[in-house]
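Position 1 is the first residue of the sequence, and the numbers go up from there. Computed from a predicted structure; not experimentally measured.
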Amino acid sequence: MSSPRRLRRWLVAAVSAALVASGAAGTAKAEPADAAAAAAVTFSDTFDGPAGAAVDSSKWQIETGDNVNNHERQYYTSGNKNAALDGQGHLVITARKENPANYQCWYGTCQYTSARLNTSGKFTAQYGHVEARMKIPRGQGMWPAFWMLGTPVDWPDSGEIDIMENVGFEPSTVHGTIHGPGYSGSGGIGAGYTLPGGQAFADAFHTFAVDWAPDSITWSVDGNVYQRRTPADLGGKQWVFNKPYFLILNLAVGGYWPGDPDGSTVFPQQLVVDHVSVTTGDSPAGGAIRGLAGKCVDVAGAGTANGTPVQLYDCNGTSAQNWTVGSDGTIRALGKCLDVASGGTADGTPVQLWDCNGTAAQRWVVTAARDIVNPQADKCLDVTGNNSANGTRLQIWTCTGGANQKWTVG
């Protein structure tokens, strides 16, 4: 795993007026430096804080109680008993087997405790890129989820967007689903994504996301798109995904879908969340990206061939320096995308212009601290050698806070 602290700097909370309600050094929370930064990141939590601390109550509320509807076996507790920061930039939701148990559930005395958090009343989004980077638990009966509910809640008519669900008996597969009137519960519409080669999602962190537009929702894992749903998929039923939704993170135990834990399930189990973010709104007219010595991010020779170098150059107002920050996390010029060569993650990997393809090599986050970060690599856009000469190639590098990694968009 890469250092969790480097990733910390790039997700900074900045609630946009457009709303209704992809390890870093440094933990300071800053306000957006300019309108472009505010448009790029509209909600985030990077879970910085001391080990054992509860989540930020200005962003999350903690639900308590059981869930009879799904016949789950856990009791959701308050405070930091089952949901706490680990001091390394993560939220850890822990499911425990309680013996003796002190909680009453729908079926009697609960055997398990866990946690469920939501942003209801604190944050809602309507459209944009919604993602979380997480490491899920393993074992029969485990049911982690990252999802959204429409407001006001009148399920299923108000709608549900499941960004990621996993059931323990499918360690290599996650599911994305929509629910609404006439297509809820087992009738939800969705698909699964399976890791290659028998890998398990519990073995490493992965980024789960949806790109949500008025008439489409697109799911991806680590930048790999695996399904897209539109009103045409509903067979004439109502599309209810044109209103505000709030976020939910939880770790359930048991239920109709995953089944109960058995003798093979080892407790405690943990859902470890590195970050949650919502990105909305394009930079509508595009503009320059200025950096070291006041110079601009530039496409060499205004070329449009795949692999054309991206460099530092005197600002000149040409189309080779006119960049648009998209709600999908891309940064575009000349009809193509800013791309990390070959999807590399090592320090010194050059950046280039390439056909937009939806991969994680083309996913960027513009922070209020003026970093431009590629989450897959967990590294910053960087001027090679801190050299301000025209034509100096841009690359990715471990975020250091230096002037050669600071950018002003627009």
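Taking the six-membered ring for Trp and the full ring otherwise, F123 and W60 have centroids separated by 6.0 Å or more. Aromatic ring centres of H175 and W257 lie closer together than 6.0 Å. Aromatic ring centres of H90 and F47 lie farther apart than the 6.0 Å criterion allows.
Side-chain contact, R393 with Q395: no donor N or O sits under 3.5 Å from an acceptor N or O. N118 and S120 are not linked by any side-chain donor-acceptor pair at a separation below 3.5 angstrom, with hydrogens and angles left out of the test. With 3.5 Å as the limit, one finds no donor-acceptor pair spanning the side chains of Q126 and N242. At a cut-off of 3.5 Å, with distance as the only test, a side-chain donor of N70 or E72 sits close to an acceptor on the other residue. Looking at S216 and T230, their side chains never bring a donor and an acceptor atom within 3.5 Å of each other.
The main-chain N or O of P171 is never found under 3.5 Å from a side-chain atom of Q199 such that the two would form a donor-acceptor pair. Judged purely by atom type and a 3.5 angstrom limit, Q74 has no side-chain atom pairing as donor or acceptor with the backbone of Y112. No side-chain donor-acceptor contact under 3.5 Å links R290 to the backbone of C315. A donor-acceptor contact shorter than 3.5 Å is absent between the side chain of R229 and the backbone of I178. In terms of modelled atom types and a separation under 3.5 Å, the side chain of W143 and the main chain of G255 share no donor-acceptor contact. In terms of modelled atom types and a separation under 3.5 Å, the side chain of E165 and the main chain of D162 share no donor-acceptor contact. Although no hydrogens or angles enter the test, the distance criterion places no donor-acceptor pair under 3.5 Å between the side chain of D154 and the main chain of D157. Judged by distance alone, with hydrogens and angles left aside, the side-chain atoms of K336 form no donor-acceptor pair with the main-chain N or O of A305 at under 3.5 Å. Between the side chain of Q362 and the backbone N or O of D355, at least one donor-acceptor pair lies under 3.5 Å. Here the side chain of Q227 pairs a donor or acceptor atom with the backbone of G176 at under 3.5 angstrom.
When every heavy atom of W239 is checked against every heavy atom of P214, the shortest pair comes out as NE1-O, 3.0 Å. Heavy-atom minimum distance, T113 versus Y103: CG2-CE1, 3.4 Å. For the residue pair K295 and L312, the shortest heavy atom distance occurs at CB-CG, 3.7 Å. Contact detail for Q140 and T265: the closest heavy-atom pair is O-OG1, 2.8 Å. T173 and N166 get closest at one heavy-atom pair: O-ND2, 2.8 Å. Heavy-atom minimum distance, A115 versus A83: CB-CB, 3.6 Å.
Rounded to the nearest 0.5 angstrom, I136 CD1 and I93 CD1 are separated by 13.0 Å. In this structure, the separation between OG on S57 and NZ on K122 is 6.0 Å, given to the nearest 0.5 Å. Between the CG atom in D347 and the CD1 atom in I396 there is a gap of 7.5 Å [rounded to 0.5 Å]. To the nearest 0.5 angstrom, W364 atom CH2 is 9.5 Å from C380 atom SG. If you take CD1 on I331 and CG on L381, they are separated by 7.5 Å, rounding to the nearest 0.5 Å. From K243, atom NZ reaches atom OG1 of T151 across 7.0 Å, with rounding to the nearest 0.5 Å.
Side-chain contact between Y313 and V297: absent, with no pair of heavy atoms (C-beta onward) separated by less than 4.5 Å. Inter-residue side-chain proximity for L249 and V276 is flagged as met; some heavy-atom pair is nearer than 4.5 Å. Under the 4.5 Å side-chain criterion, counting only non-hydrogen atoms from C-beta, V383 is in contact with L394. Contact check for C337 versus W354: no side-chain heavy atoms found under the 4.5 Å cut-off. Looking at Q405 and T400, their side chains come closer than 4.5 Å, going by heavy atoms from C-beta outward. Under the 4.5 Å side-chain criterion, counting only non-hydrogen atoms from C-beta, W106 is not in contact with N67. Side-chain contact check for P261 versus V253: some heavy-atom pair is nearer than 4.5 Å. Side-chain contact between T218 and W212 is absent, with no heavy-atom pair separated by less than 4.5 Å.
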(request) In sequence, state the C-alpha distance, the side-chain angles, and the governing distance for T384 and W397, and then conclude on side chain to side chain contact (heavy atoms under 4.5 Å, CB included). (result) CA-CA 9 Å; T384 302; W397 196 271; over 6 Å; no

(request) Show your working on side chain to side chain contact (heavy atoms under 4.5 Å, CB included) between F267 and M142 and close with a plain yes or no. (result) CA-CA 10 Å; F267 285 91; M142 306 313 301; 4.0 Å; yes

(message) Run L91 and L117 through side chain to side chain contact (heavy atoms under 4.5 Å, CB included) and show every step you take.
(response) CA-CA 11 Å; L91 163 66; L117 292 68; 4.0 Å; yes

(message) For a salt bridge (Lys or Arg N to Asp or Glu O under 4.0 Å) check, start with the C-alpha distance between D66 and R73, then their side-chain angles and the critical distance, and finish with the verdict.
(response) CA-CA 8 Å; D66 59 356; R73 299 288 178 174; over 6 Å; no

(request) Evaluate the criterion side chain to side chain contact (heavy atoms under 4.5 Å, CB included) for residue pair L338 and V310; output intermediate values, then yes/no. (result) CA-CA 8 Å; L338 184 67; V310 175; 3.9 Å; yes

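Ring planes of Y256 and H71: parallel class, angle under 30° (limits at 30 and 60°). H206 and F208 have tilted rings, their planes meeting at an angle from 30° to 60° on a 0 to 90° scale. The aromatic rings of W155 and H179 lie tilted to each other, with the angle between the two planes from 30° to 60°.
Contacts of K135 classified as salt bridge (charged side-chain N to carboxylate O under 4.0 Å, His left out), with partners at least two apart in sequence or in another chain: none. Every residue was checked against the salt bridge (charged side-chain N to carboxylate O under 4.0 Å, His left out) condition with E170, not counting sequence neighbours, and none meets it.
For the side-chain contact (heavy atoms from CB on, under 4.5 Å) with I372, the qualifying choice from T367, I289, V365 is I289, the only one to do so. A side-chain hydrogen bond (donor to acceptor under 3.5 Å, both in side chains) with T77 is found for exactly one of T94, N82, T64, namely N82.
More than 12 heavy atoms of other shown residues, nucleotides or ligands fall within 6.0 angstrom of atom OH in Y193. In the displayed structure, K97 atom NZ is contacted under 6.0 Å by at most 12 heavy atoms of other residues, nucleotides or ligands.
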